[in-house]
Q: 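The structure follows.
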Amino acid sequence: MQPILSIQNLSIEYRARRGRVRAIRNVSFDVQRGEAVALIGESGSGKTTLGLGIVQLLPGTARVTQGRAIYRRSRDGAPSEIDTLQLKGRALREFRWKECAMVFQSALNALNPVLRISDQFADTAQAHGYLQGRALHARAEELLKLVRLDPDRVWRSFPHELSGGMRQRVLIALSLLLEPQLLILDEPTTALDILTQRNIMDVLKDLRHKLDFSLLFISHDLALAAELTDRVATVYAGKIVELASVETTFKEPAHPYTIGLINAVPTLKGTKEDLSSIPGSPPDLVEMPAGCKFHPRCPLVESRCKEEEPELVEVKPGHQTACWNWRSAREALQTHKVQG
Ligand SMILES: Nc1ncnc2c1ncn2[C@@H]1O[C@H](COP(=O)(O)OP(=O)(O)OP(=O)(O)O)[C@@H](O)[C@H]1O
Ligand SMILES: [Mg+2]
């Protein structure tokens, strides 16, 4: 079966006073139908930019400089392909809710403060010629239950009457209203306390089980991503530097950056001393270093790394990495392994 989404050689820049911010650089990957893919990476690596690009919600200062985002529609008759970056007007509006829905980072204020939850559902449904009245209520009730909210309590409430975790669950339910085939969740739990975060993760796992949508899950937290997704794309300085199944990512990571991220994941038994974080900070995306963008922080840096940027290559079937030294990186992992 063909992937539901194929990102092909996508590059996105922002025009800033300081120059061009190269936020996404020649990124390609697929999301299979029913699959959940995580985009992980540090703050500023370009994750949100990629999500916004797919649904054409980038700010005016951003520009897609190359590439395509091919979405394969499977409903209503013959399958068809669309490049989401080329959609306009009505086709774009339909794509955004009916095919692909995005829950934004810091979405807690995304609900209209003067509308009851019932009206937020009604507005969205009406704008897309979807169910109304009792049928809409029934559908919303079903979705609210799926995200473990009490529909009777929530339906007539205003957003400010709900906690952050409840609002986030309302947003997730609302995003599913038009039965999108692809859901993009951008850091859906980041603004929440740890128990609420746990609760939302359980809701999301449950939803994946019960509904069949494909998922692009954006997070800086590798451990959370591993819970929910099938494959992980590790993003560094606007580029995918490693792409592998969750299992391979944890057991046999090949990129020094991914290895650093894994070593930074605290284990249950681990003490604080086990937490080795990656020294240094991500590069300035306006003036990036030559060669591999990770080389100033890389323990395995060699002269080649400072001159030539490695492209993604296959380490084994289904596992790609962009590192000149991935073989020695693996050995290094064995010696630095977190004691679990
Ligand atoms: N409107 C903008 N104008 C200029 N530069 C921007 C703009 N939005 C984002 N950037 C820059 O683009 C880069 C990628 O930002 P983006 O928000 O996509 O990263 P992110 O991986 O989502 O980070 P975070 O984990 O903090 O959400 C960053 O260097 C950021 O400073
Ligand atoms: Mg972001």
Side-chain angles (χ1 to χ4, degrees), residues 5 7 9-29 31 37-67 69 84-85 100-110 164 168 171-172 175 183-192 197 200-201 204 215-226 228-229 232-243 249 255 257-258 260-261 264-265 277-278 280-289 293-294 296-297 309 322:
L5 182 72
I7 305 293
N9 306 106
L10 183 63
S11 296
I12 302 174
E13 302 181 341
Y14 293 97
R15 280 182 308 260
R17 209 172 293 155
R18 295 190 311 116
R20 296 186 304 153
V21 182
R22 295 165 63 204
I24 287 293
R25 300 183 301 121
N26 199 24
V27 161
S28 302
F29 69 98
V31 179
V37 175
L39 279 183
I40 60 149
E42 279 166 292
S43 184
S45 54
K47 307 177 299 291
T48 297
T49 303
L50 180 61
L52 293 175
I54 295 168
V55 290
Q56 279 195 45
L57 284 172
L58 288 163
T61 54
R63 202 162 60 94
V64 174
T65 55
Q66 65 162 29
T84 73
L85 307 177
C100 172
M102 181 160 175
V103 176
F104 299 98
Q105 187 170 9
S106 57
L108 292 181
N109 301 317
Q168 189 65 311
L171 279 166
I172 292 167
S175 73
L183 190 60
I184 302 177
L185 297 175
D186 190 359
E187 307 270 11
T189 65
T190 305
L192 305 168
Q197 176 172 341
I200 301 273
M201 287 305 290
L204 291 172
L215 177 65
L216 190 58
F217 182 77
I218 297 175
S219 178
H220 62 272
D221 190 329
L222 183 54
L224 282 188
L228 190 66
T229 63
V232 174
T234 307
V235 183
Y236 190 78
K239 209 171 172 70
I240 293 181
V241 295
E242 184 144 29
L243 189 58
T249 303
H255 196 286
Y257 179 60
T258 318
L261 289 178
V265 172
S277 66
I278 304 162
S281 47
D284 177 358
L285 299 183
V286 176
E287 285 175 71
M288 275 186 276
K293 306 311 172 219
F294 187 61
R297 301 170 77 184
E309 182 162 34

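Counting starts at 1 for both ligands and their atoms, following the listed order.
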Q: Return the minimal non-hydrogen interatomic distance between L224 and Q197, and the atom names on each side.
A: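 Looking at all heavy atoms of both residues, the shortest contact is CD1-NE2, 3.1 Å.
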
Q: Within this structure, what is the OG-CZ distance for the pair S11 and R63, rounded to the nearest 0.5 Å?
A: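 With rounding to 0.5 Å, OG (S11) is 10.5 Å from CZ (R63).
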
Q: Please say whether G46 places an N or O atom under 3.5 Å from an N or O atom belonging to ligand 1.
A: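 Looking only at distances, the answer is yes, because the N/O contact criterion of under 3.5 Å is met.
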
Q: How long is the span from the CD atom in E187 to the CD1 atom in I218, to the nearest 0.5 Å?
A: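 Nearest 0.5 Å value for the CD-CD1 distance: 8.0 Å.
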
Q: State the atoms of ligand 1, each with its element, that fall below the 4.0 Å cut-off from a heavy-atom position in P59.
A: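 The atoms of ligand 1 under 4.0 Å from a heavy atom of P59 are 1 (N).
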
Q: Taking the side chain as everything from C-beta on, heavy atoms only, tell me whether I12 gets closer than 4.5 Å to V27.
A: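 SC-SC contact between I12 and V27 ruled out.
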
Q: Under 2.8 Å from the Mg ion (ligand 2), can any N, O or S atom of S43 be found?
A: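 Coordinating: no.
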
Q: What protein heavy atom sits nearest atom 23 (O) of ligand 1, and how far away is it?
A: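 Answer, as residue, atom name and distance: G44 N, 2.8 Å.
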
Q: Check L285 against ligand 1 and report side chain, backbone, both or neither, counting heavy atoms closer than 4.0 Å.
A: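 Answer for L285: side chain.
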
Q: Could you tell me the residue and atom name of the protein heavy atom closest to atom 25 (O) of ligand 1, and the distance to it rounded to 0.1 Å?
A: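 Ranked first by proximity to atom 25 (O) of ligand 1 is K47 NZ, 2.8 Å.
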
Q: Which residue owns the protein heavy atom closest to atom 16 (P) of ligand 1, what's the atom, and how far is it?
A: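 Going by distance alone, atom 16 (P) of ligand 1 is nearest to T49 OG1, 3.6 Å.
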
Q: How many angstroms lie between CG in L39 and CG in L185, if you round to the nearest 0.5 Å?
A: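 Rounded to the nearest 0.5 Å, the CG-CG separation comes to 11.5 Å.
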
Q: Which heavy atom of the protein is the closest neighbour of atom 22 (O) of ligand 1, given with residue, atom name and distance?
A: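 Atom 22 (O) of ligand 1 sits closest to the protein heavy atom T48 OG1, 2.7 Å.
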
Q: Would you mind telling me if ligand 1 is within reach of the side chain of V21, the backbone, both or neither, using heavy atoms under 4.0 Å?
A: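 Just the side chain.
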
Q: Starting from atom 8 (N) of ligand 1, find the nearest protein heavy-atom neighbour and note its residue, name and distance.
A: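 It is Y14 CZ, 3.4 Å.
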
Q: Residue-level breakdown please: for Q105 versus ligand 1, do any non-hydrogen atoms fall below 4.0 Å on the side chain, on the backbone, on both, or on neither?
A: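 Just the side chain.
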
Q: Examine T49 and say whether one of its N/O/S atoms is closer to the Mg ion (ligand 2) than 2.8 Å.
A: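 Checking T49: none of its N, O or S atoms is under 2.8 Å.
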
Q: Roughly how far, to the nearest 0.5 Å, is the CG atom of L192 from the CD1 atom of I200?
A: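 Those atoms lie 5.5 Å apart.
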
Q: Say you draw a straight line from CD1 of I40 to CD1 of I240; how long is it, rounded to the nearest 0.5 Å?
A: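 Between I40 CD1 and I240 CD1, I get 11.0 Å after rounding to 0.5 Å.
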
Q: Does an N or O from G41, backbone or side chain, lie closer than 3.5 Å to an N or O of ligand 1?
A: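 No, since none of the N or O atoms of G41 sits under 3.5 Å from an N or O of ligand 1.
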
Q: To the nearest 0.5 Å, what is the distance between NZ (K239) and NZ (K293)?
A: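 That separation rounds to 8.5 Å.
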
Q: Taking F104 as the fixed residue, which of L52, T48, D186 is the one that meets the side chain to side chain contact (heavy atoms under 4.5 Å, CB included) rule?
A: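 Of the listed options, the one satisfying the test is L52.
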
Q: Quick one: look up the protein heavy atom nearest atom 26 (O) of ligand 1 and list residue, atom name and how far away it is.
A: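 Result: S43 OG, 2.5 Å.
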
Q: For the residue pair S281 and Y236, what are the closest heavy atoms and their distance?
A: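 Heavy atoms only, the tightest pair is O-OH, 4.1 Å.
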
Q: Would you say atom 30 (C) of ligand 1 has a protein heavy atom nearer than 4.0 Å?
A: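 No, there is none.
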
